[in-house]
Amino acid sequence: MVWEWAVLEGGPADGIRARVPERARVLQVTADCPVEDNAQGVRVAAIHVYRRSHGEPARYGWDPASP
């Protein structure tokens with residue numbers, strides 16, 4: 001498997017560099033959300049989608065319309 005460094009642009013992960021495999025077309029970034037104490041065993045995460053932009057170096061732009 002070939003890995004490369006990519007930069008995420010926009011959204012909550014703006015500026016983060018990540019190693020991505022095989023020129024992935026879409027990345028999913030999750031951010032844990034706090035829950036109340038009575039939510040035992042439950043985890044909530046916000047999901048953000050980043051889509052690969054054309055060109056080099058590898059860049060992924062935030063897609064605010066994705067779920």
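What you see is a predicted model, and the numbers here were worked out from it, not measured in a lab.
- Of all heavy-atom pairs between L8 and A13, the closest is CB-O, 3.6 Å.
- Remark: the backbone N or O of D14 is not paired with any side-chain donor or acceptor of E9 at under 3.5 angstrom.
- A pairwise comparison of heavy atoms in A46 and C33 identifies N-SG, 3.7 Å as the closest pair.
- Between E4 and V20 the shortest side-chain heavy-atom distance falls below 4.5 Å.
- No donor-acceptor pair closer than 3.5 Å links the side chain of Y50 to the backbone N or O of V7.
- Heavy-atom contacts from other residues, nucleotides or ligands closer than 6.0 Å to CD of E56 number more than 12.
- In the displayed structure, E22 atom CD is contacted under 6.0 Å by more than 12 heavy atoms of other residues, nucleotides or ligands.
- Taking 4.5 Å as the limit, every side-chain heavy atom of R52 sits out of range of all side-chain heavy atoms of V26.
- By the 6.0 Å contact criterion, CZ on R19 is enclosed, its count of non-hydrogen atoms from other residues, nucleotides or ligands being greater than 12.
- Pairing each heavy atom of S53 with each of G61, the nearest pair is OG-N, 3.9 Å.
- When hydrophobic clusters are built by joining Ile, Leu, Val, Met, Phe, Trp and Tyr residues whose side-chain heavy atoms come closer than 4.5 Å, directly or via intermediates, V29 is grouped together with Y60.
- When all heavy atoms are compared, the tightest approach of W62 to P12 is NE1-CD, 3.9 Å.
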